[in-house]
Amino acid sequence: VDLREELKAGNRSIFSRRLKELMEDRLKKGEQTMLFINRRGYANFVSCRSCGEAIRCPHCDVTLTLHKDGRLMCHYCGHTVMQPKLCPSCGSAYIAPFGTGTQKIEEMAVKMFPQARILRMDLDTTSKKGGHQEILSAFARGEADILIGTQMIVKGHDFPKVTLVGALAADLSLYAPDYRCGEETFDLLTQAAGRAGRSHIPGNMVIQTYQPDHYSIQTAAKQDYEEFYQEEMGYRLLMDYPPAAHMMAVLGSSEDEKLLETAMHYLGLFTGKIYAGKDLHVIGPAPASVGKVKDVYRRVLYLKHENYDLLVRIKDRLEEYIEINSGFRKVNIQFDFS
């Protein structure tokens, strides 16, 4: 279901007309429905409801993350712009941060289906010991018609009476600032599709999306693993992302923000002295996806190359450089390979 068309038709509900129709049908038949909102890799991104585009970094092909002061920032290279009032792609004023949680969905479902028995499964409802199993067991016993939750509800559960699964915002994880977001979206949607129609009764899955043409959505709808692999590998090869190339993240953290910025800057400069070849891609340093945790600032430098051994040699030289420079004593440096 193309949510852009739903908006044009005047439907501003989280439930598309097709999903509402199928849910009403399942309630009449006494069958069960699972609704999930795709929150994996969720970040505060800004997207357009008219054309479906999210605001992306022009340098890194990931979405820009919205900060509280209205700045949109790329957590891979540091590119920053202020949040626009109109969509840069189509000029629409329907541009805003995306934010819909399970609690809000439950409230809307109660209003739309007052006769339905509804269970919600998220961090709030499962915080007590045994909370997960208690909700799942109640749903398995048929004590609810609709189960609402995050991706935790679509991981391998077997409910024979579930004949409808709704992905309310299937493309949410496509907007995560991570090169693996297409793979994670495909993975989650194919898992979700497997929850419907597990007994003798056939099942349906409704995928609601602002990007119906995206290959992750298209191939998940067709359950076509090979086509997804071809599309995703083309993207990874183009961008030199694993497994097409190897990537090393140099993660720096310190309570002193200026000291950290200086230290990471010099690590970037020294990397260029270790290896000057143009086939080494150096990105950053930039704020980590979470730039500050418990008053500790975090920065990251990404290095990409097809030769894993070269990255290891660079790591070894950087460790030597860190060891002999006193400026790094109050900075913690870690290396992560992918």
Side-chain angles (χ1 to χ4, degrees), residues 41 43 55-65 72-81 174-184 229-254 256-292 296-338:
I55 300 182
R56 309 181 76 85
C57 175
H59 308 294
C60 301
D61 197 28
V62 294
T63 52
L64 298 178
T65 300
L72 288 164
M73 178 180 283
C74 174
H75 286 153
Y76 274 64
C77 72
H79 175 79
T80 304
V81 294
L174 285 177
Y175 302 137
D178 189 319
Y179 71 88
R180 292 162 293 199
C181 60
E183 180 184 0
E184 291 181 348
Y229 173 80
Q230 296 298 332
E231 292 278 1
E232 182 69 10
M233 276 306 297
Y235 162 68
R236 302 281 180 101
L237 285 163
L238 183 68
M239 300 298 293
D240 273 342
Y241 283 133
H246 296 278
M247 187 158 74
M248 178 175 72
V250 184
L251 305 160
S253 60
S254 175
D256 187 327
E257 186 178 18
K258 287 187 177 179
L259 178 64
L260 176 63
E261 287 178 355
T262 302
M264 295 301 290
H265 173 71
Y266 279 109
L267 283 182
L269 290 177
F270 188 66
T271 298
K273 292 179 180 178
I274 298 169
Y275 184 81
K278 291 184 179 179
D279 52 350
L280 175 68
H281 294 163
V282 180
I283 304 170
S289 56
V290 181
K292 183 180 177 183
V296 175
Y297 295 91
R298 298 162 21 142
R299 296 287 184 275
V300 62
L301 182 72
Y302 291 100
L303 282 69
K304 296 189 288 187
H305 197 275
E306 62 180 17
N307 188 332
Y308 175 78
D309 292 334
L310 173 68
L311 292 179
V312 172
R313 289 198 297 273
I314 292 173
K315 176 194 76 78
D316 292 342
R317 291 288 306 278
L318 287 175
E319 285 181 329
E320 291 171 6
Y321 178 72
I322 291 164
E323 189 69 30
I324 62 172
N325 281 278
S326 59
F328 288 95
R329 283 176 190 163
K330 292 184 179 180
V331 177
N332 180 47
I333 302 292
Q334 293 178 305
F335 298 90
D336 185 28
F337 288 86
S338 59

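The first residue of the sequence shown is numbered 1, and numbering continues consecutively from there.
Counting only distance, with no hydrogens or angles, the side chain of Lys304 and the backbone of Ile283 share no donor-acceptor pair below 3.5 Å. Checking side-chain atoms of Asp178 against main-chain N and O of Arg180 turns up a donor-acceptor pair under 3.5 Å.
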| request: Go through the steps to decide whether Ile322 and Val331 satisfy the test side chain to side chain contact (heavy atoms under 4.5 Å, CB included), and finish with yes or no. | output: CA-CA 10 Å; Ile322 291 164; Val331 177; over 6 Å; no

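Here the OG-CE distance, from Ser253 to Met264, works out to 9.5 Å after rounding to the nearest 0.5 Å. Taken from CD in Glu257 to CG in Leu259, the straight-line distance is 11.0 Å, to the nearest 0.5 Å. Here the CE atom belonging to Met248 is positioned 5.5 Å from the CG atom belonging to Leu311, to the nearest 0.5 angstrom. How far CG of Asn307 is from CG of Asp279: 9.0 Å, rounded to the nearest 0.5 Å. Between Arg299 atom CZ and Thr262 atom OG1 the span is 10.5 Å, to the nearest 0.5 Å. With rounding to the nearest 0.5 angstrom, the CZ atom of Phe328 is 10.0 Å from the CG atom of Leu260.
Other residues, nucleotides and ligands contribute over 12 non-hydrogen atoms within 6.0 Å of the CZ atom of Phe337. Counting heavy-atom neighbours within 6.0 Å of Glu319 CD, excluding the residue itself, gives a total above 12.
In this structure, Tyr179 and Tyr241 have parallel ring planes: the angle between them is below the 30° cut-off, well short of the 60° mark.
Within the structure, the salt bridge (charged side-chain N to carboxylate O under 4.0 Å, His left out) test picks out the following pairs touching residues 229-244 (sequence neighbours left out): Glu183-Arg236, Glu232-Arg236.
A centroid separation of 6.0 Å or more is found between the aromatic rings of Tyr321 and Tyr266.
Residues satisfying the ring pair (Phe, Tyr, Trp, His ring centres under 6.0 Å) criterion with Phe335, sequence neighbours excluded, are absent altogether.
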